[in-house]
Amino acid sequence: MKEKLNSIRQPLYNISFKRKIINTLLIVIFGMIMGIVSKFLDCTPSNHLSVFLEKLDISNFLGRVAIWYLIALILSIYSKTPVRAAVNVFVFFAGMLTGYYAYTKIFAGFYPDRSYLMMWVGLTIVSPILAFVCWYAKGKGIVSLIISAFIAAALFLQAFFFGLTYFDVAYQGLEVIVWIVCLAVLYKSPIQFAVLVCLSLLFAVLLRLIFPFGFFI
C-alpha cells in the first residue's frame with residue numbers, strides 16, 4: 001500500500017531532525033497566535049474594530065471552519081512527507097486550541113460552551129489522518145484528483161449556500177476567497193483544473209445530500 005501511495009506522489013527531499021523540530025515549534029507558535037487572534041477578535045465588539053474589519057465580519061469568519069481547513073491544507077501539501085503533514089497539522093490545531101482557550105481563561109475569565117470545545121477537539125484528533133491523505137492531493141493520477149476534488153468540494157460547501165431553487169454566496173464572501181485560494185493551491189494543469197472543478201461540484205452536491213445540515217462541511 002505504501003509503495004502504491006508513493007507512486008502517486010513521491011516524498012520530497014529529507015530535512016534534518018533539528019530542522020524538523022524547529023519547523024514543528026514554529027507551527028505550534030503560529031497555531032497559538034492564530035488561536036489568540038481569533039479569540040481576541042471574538043471578544044472585541046465589532047464597533048471597536050476598523051470599519052473594514054467590521055464590514056468583513058472577520059471575527060465570525062475566524063469562528064467558522066473554512067479558513068482553518070485552508071491553513072491545514074497548505075500545511076499538508078507543502079510538508080515533505082505525509083507523516084510530516086500529519087504532525088504539522090496536528091500541532092497547528094493543538095497550538096490553536098491552546099492559544100484560544102488560554103486567552104479565554106486568562107482574559108475573558110470563562111471557558112466556552114463544552115459542545116463547541118469538543119467539536120474542535122474532535123477535529124484536532126482526526127486532523128493527522130486527514131492531513132496524511134491530503135498530502136497526496138498534489139500528486140498524479142486519479143487518486144490524487146479525487147482527493148483534491150473532495151477537498152475543493154468541502155470548501156465549496158463553506159463558500160456557497162445552494163439547493164434546488166436557490167444559490168447564494170455564503171456570509172460576506174470571504175469563504176469564496178478561501179475556495180479560490182484552495183483551487184489555486186491544488187492547481188497542476190489547465191486540464192486537471194477543469195476536471196477538478198467539475199468533479200468537485202459533483203462531490204459538493206453529493207455531500208450536501210448526505211450532510212444536509214453541514215456539520216464540518
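Count residues from 1 along the sequence.
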(message) Considering only residues two or more places apart or on different chains, which pairs with a residue in residues 172-197 satisfy salt bridge (Lys or Arg N to Asp or Glu O under 4.0 Å)?
(response) Arg64-Glu175
(message) Quick test of your reading: applying salt bridge (Lys or Arg N to Asp or Glu O under 4.0 Å), list the pairs with at least one residue in residues 118-128, sequence neighbours left out, ordered by first then second residue.
(response) none
Contact summary for [X] and [Y], nearest pair of heavy atoms:
| X | Y | result |
| --- | --- | --- |
| Val169 | Phe161 | O-CD1, 4.5 Å |
| Ala153 | Ala204 | CB-N, 3.6 Å |
| Ile151 | Cys182 | CG2-SG, 4.0 Å |
| Leu62 | Trp68 | O-NE1, 2.7 Å |
| Leu196 | Leu186 | CD2-CB, 4.0 Å |
| Ile36 | Gly99 | CG1-O, 3.5 Å |

Could you state whether [X] and [Y] fall into the same hydrophobic cluster, counting links through intermediate Ile, Leu, Val, Met, Phe, Trp or Tyr residues with side-chain heavy atoms under 4.5 angstrom apart?
| X | Y | result |
| --- | --- | --- |
| Phe30 | Ile22 | no |
| Leu123 | Met119 | yes |
| Ile106 | Met32 | yes |
| Ile180 | Phe167 | yes |
| Ile142 | Ile77 | yes |

Out of curiosity, [X] [atom1] to [Y] [atom2], how far, rounded to the nearest 0.5 Å?
| X | Y | atom1 | atom2 | answer |
| --- | --- | --- | --- | --- |
| Leu75 | Leu70 | CG | CG | 9.5 Å |
| Phe150 | Cys134 | CZ | SG | 11.5 Å |
| Leu174 | Asp57 | CG | CG | 8.5 Å |
| Phe107 | Thr104 | CZ | OG1 | 10.5 Å |
| Ile177 | Leu56 | CD1 | CG | 8.0 Å |
| Asn23 | Lys18 | CG | NZ | 12.0 Å |

(message) Out of the candidates Ile74, Ile67, Leu73, only one should pair with Ile71 under the side-chain contact (heavy atoms from CB on, under 4.5 Å) rule; please name it.
(response) Ile67
(request) Assess whether side-chain contact (heavy atoms from CB on, under 4.5 Å) is satisfied between Tyr69 and Leu155, documenting all intermediate values. (result) CA-CA 8 Å; Tyr69 283 177; Leu155 286 173; 3.8 Å; yes
(request) Flag yes if more than 12 heavy atoms outside Phe52 fall under 6.0 Å of its CZ atom; otherwise flag no. (result) no
(message) For Ile210, is the CD1 atom crowded, meaning more than 12 foreign heavy atoms sit under 6.0 Å from it?
(response) yes
(message) Can you confirm if the aromatic rings of Trp179 and Phe160 lie within a centre distance of less than 6.0 Å?
(response) yes
(request) Would you mind reporting whether Tyr136 and Val143 have side-chain heavy atoms less than 4.5 Å apart? (result) no
Using modelled atom types only, decide if a donor and an acceptor are shared between the side chain of [X] and the backbone of [Y] within a distance under 3.5 Å.
| X | Y | value |
| --- | --- | --- |
| Gln158 | Ala170 | no |
| Ser76 | Trp135 | no |
| Lys138 | Val185 | yes |
| Ser200 | Val197 | yes |

(message) Val37 vs Ile33, test: side-chain contact (heavy atoms from CB on, under 4.5 Å). Steps then yes/no.
(response) CA-CA 6 Å; Val37 169; Ile33 291 173; 4.2 Å; yes
(request) For Tyr166, check ring-ring contact (aromatic ring centres under 6.0 Å, His included) against everything at least two apart and list the hits. (result) none
(request) Identify, with sequence neighbours excluded, every residue that meets ring-ring contact (aromatic ring centres under 6.0 Å, His included) alongside Phe162. (result) Phe156
(message) Walk me through whether Asn60 and Tyr171 qualify under side-chain contact (heavy atoms from CB on, under 4.5 Å).
(response) CA-CA 9 Å; Asn60 285 324; Tyr171 312 110; over 6 Å; no
(request) List the steps and the verdict of side-chain contact (heavy atoms from CB on, under 4.5 Å) for Phe61 and Val178. (result) CA-CA 11 Å; Phe61 171 64; Val178 169; 3.8 Å; yes
Donor-acceptor contacts under 3.5 Å from residues 85-93 side chains, at least two apart:
| from | atom 1 | to | atom 2 | distance (Å) |
| --- | --- | --- | --- | --- |
| Asn88 | OD1 | Arg84 | NH2 | 3.0 |
| Asn88 | ND2 | Ser79 | OG | 2.9 |
| Asn88 | ND2 | Arg84 | O | 3.2 |

Using residues 125-133 as the side-chain source, report each donor-acceptor pair under 3.5 Å to any protein atom, sequence neighbours left out, with the distance given to one decimal.
| from | atom 1 | to | atom 2 | distance (Å) |
| --- | --- | --- | --- | --- |
| Ser127 | OG | Thr124 | O | 2.7 |

